[in-house]
Amino acid sequence: MSPAPTQVAAGNKEVISGLLRRFRLEEVLNEDTNSKTIWLLGAIAGPDKLANAGSIPGETAAVVTLERLAFSSQDIRSTDPMLLSSAVLNSGEHNDIYSWATGTLHSSIFKPDTRVAIIYPATQKHIDKYRRQQCKWVSETPEKYATITRPFIDAQPASRLQWVYNILSKQVESERIVFEDADPENGFIILPDLKWDATNPDNMYLVAIVHRRDIKSLRDLTAKHLPLLKNIRDNSIVAAQAYGVSAEQLRLYIHYQPSYYHFHVHITNVNFEGKGMLAGRAHLLDTVVDNIECIAPDYYQRASIPFTLGSGDILWKHWHAQSQSLPLSE
Ligand code: G7M
């Protein structure tokens, strides 16, 4: 199995700086003022100097995510007491007891203020995922799952999961692993999600990726997977403790539909809120365990499961074509 050329190894500053310098902006795909994030589509000229990649001639699509980092209460309290007095303001208003301004804080300690993520080369699926799009609601019966969703899942190229296999075989991100149970049936790796820089526990975001490769999604879970699910639940607590996050601060959930059809569980600080935990996508691990254990061992094969899809999502195009009895072009 060859290492993935598509994701830049974390911490490889030179490679990432090189990619950013060569990035030519084509389109702002989306922006979110709440999370202070912007998603950019552009092109990067080859040849490329990624460690494990061959030369990529010409220009190739790339998606860059820029996210303003949150303030850390720890820094404000202890590490950098001069933070507020260092403020250089460029505009301001004052009215009675109210004052406000914009400006820049100059920390005495160098602190990054932006998180950059690059997907390069980006596929059309990546571009569609980040482009602003309308949300569509789908109610998936077991029959619709069998005729629409499962064939779509089975048609996913194995290369989409290369990043997962690279983590499981410790070719990348091995220094970020916080917990591993190596058992091939009930084992998994827990590590920080790429969306979290592993510094501020208030927005802790870990992901547990199972070693076994035969569970594509929530739909495949049955009573025989209960030991695995409970194992993840118990050891998420252990992993979170490494960041000072206690059991009652944890929110564990599974996406349906996920972006990647290799079973994994999201482990987040309950104080952190993001789009990934909205109804229509996130299923709490506790509820999943209960449904299988207390309601029916084949609950997820018998249930109708509603979910949302973006209008640009290829799976939505399959659903739409079916409901209109249209032939599929993809
Ligand atoms: O939506 P879904 O349940 O498939 O979520 C997959 C999760 O995996 C997301 O929260 C991604 O941010 C995370 N993720 C995706 N990639 C490509 C990576 C990666 O290379 N490393 C890590 N640590 N997390 C990833």
Side-chain angles (χ1 to χ4, degrees), residues 3-12 15-16 35 37 39 50-52 62-65 67 115-123 125-130 135 149 152-153 156-180 188-199 203-210 213 215-221 232 236 239 243 251-269 272-278 280-285 288 305 307-310 313-315:
T6 52
Q7 294 279 339
V8 175
N12 195 339
V15 174
I16 296 172
S35 63
T37 304
W39 291 269
L50 288 177
N52 298 306
V63 173
V64 168
T65 305
E67 177 195 351
R115 188 175 139 67
V116 182
I118 308 173
I119 301 177
Y120 170 71
T123 63
K125 188 162 168 67
H126 290 121
I127 298 168
D128 290 342
K129 177 175 169 183
Y130 293 104
C135 225
T149 310
F152 167 80
I153 295 174
Q156 295 296 300
S159 57
R160 289 267 302 144
L161 295 178
Q162 192 59 56
W163 70 271
V164 171
Y165 303 144
N166 289 341
I167 288 174
L168 294 175
S169 60
K170 317 246 176 72
Q171 289 182 60
V172 297
E173 299 191 61
S174 56
E175 72 295 344
R176 282 158 50 86
I177 294 174
V178 274
F179 181 89
E180 177 170 19
F188 51 88
I189 279 177
I190 298 182
L191 78 169
D193 191 283
L194 68 72
K195 290 196 282 285
W196 187 51
D197 62 3
T199 50
N203 47 25
M204 187 194 76
Y205 199 139
L206 308 175
V207 62
I209 304 176
V210 303
R213 298 185 178 192
I215 310 173
K216 301 282 184 200
S217 77
L218 185 66
R219 277 280 185 206
D220 289 337
L221 295 177
I232 293 176
S236 294
Y243 298 100
R251 188 193 321 248
L252 311 181
Y253 56 92
I254 297 157
H255 277 163
Y256 192 74
Q257 296 292 320
S259 310
Y260 303 96
Y261 293 97
H262 175 107
F263 188 65
H264 54 275
V265 175
H266 300 253
I267 305 165
T268 62
N269 188 322
F272 169 74
E273 286 170 15
K275 279 192 179 161
M277 59 197 57
L278 290 178
R281 191 150 193 228
H283 297 252
L284 294 175
L285 180 61
V288 172
I305 310 180
F307 53 82
T308 55
L309 290 172
D313 196 306
I314 296 168
L315 181 55

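Note that ligands are numbered from 1 as they come in the structure, with each ligand's atoms numbered from 1 the same way.
Both the backbone and the side chain of Tyr260 come within contact range of ligand 1, each with a heavy atom under 4.0 Å.
Separation of atoms CG (Asp128) and CG (Asp313) is listed at 7.5 Å; rounding is to 0.5 Å. If you take OG1 on Thr308 and OH on Tyr256, they are separated by 12.5 Å, rounding to the nearest 0.5 Å. How far CD1 of Ile189 is from CD1 of Ile167: 7.5 Å, rounded to the nearest 0.5 Å.
Counting heavy atoms from C-beta on, the side chains of Ile254 and Leu285 come closer than 4.5 Å.
The shortest separation from a heavy atom of Tyr205 to ligand 1 is under 4.0 Å, placing the residue in contact. Proximity of Gly276 to ligand 1 is not established, as no heavy-atom distance is less than 4.0 Å.
Interface atoms of ligand 1 facing Arg281, defined by a heavy-atom separation under 4.0 Å, are 1 (O). Below 4.0 Å from some heavy atom of Lys195 lie the following atoms of ligand 1, by number and element: 9 (C), 10 (O), 11 (C), 12 (O). Close approach to Glu173 involves these atoms of ligand 1, each under 4.0 Å from a residue heavy atom: 19 (C), 20 (O), 21 (N), 22 (C), 23 (N). With ligand atoms numbered from 1 in the order given, ligand 1 contributes 2 (P), 3 (O), 5 (O), 7 (C), 10 (O) to contacts under 4.0 Å with heavy atoms of His266.
The shortest N or O to N or O distance between Val207 and ligand 1 is not below 3.5 Å. On a distance-only criterion, Trp163 and ligand 1 share no N/O pair closer than 3.5 Å.
Between Tyr130 and Trp39, the ring-plane angle classifies as parallel under the 30° and 60° cut-offs.
His264 and His266 have their aromatic ring centers within a separation under 6.0 angstrom.
The only option from Val288, Thr268, Ile267, Val265 that meets the side-chain contact (heavy atoms from CB on, under 4.5 Å) definition with Tyr253 turns out to be Thr268.
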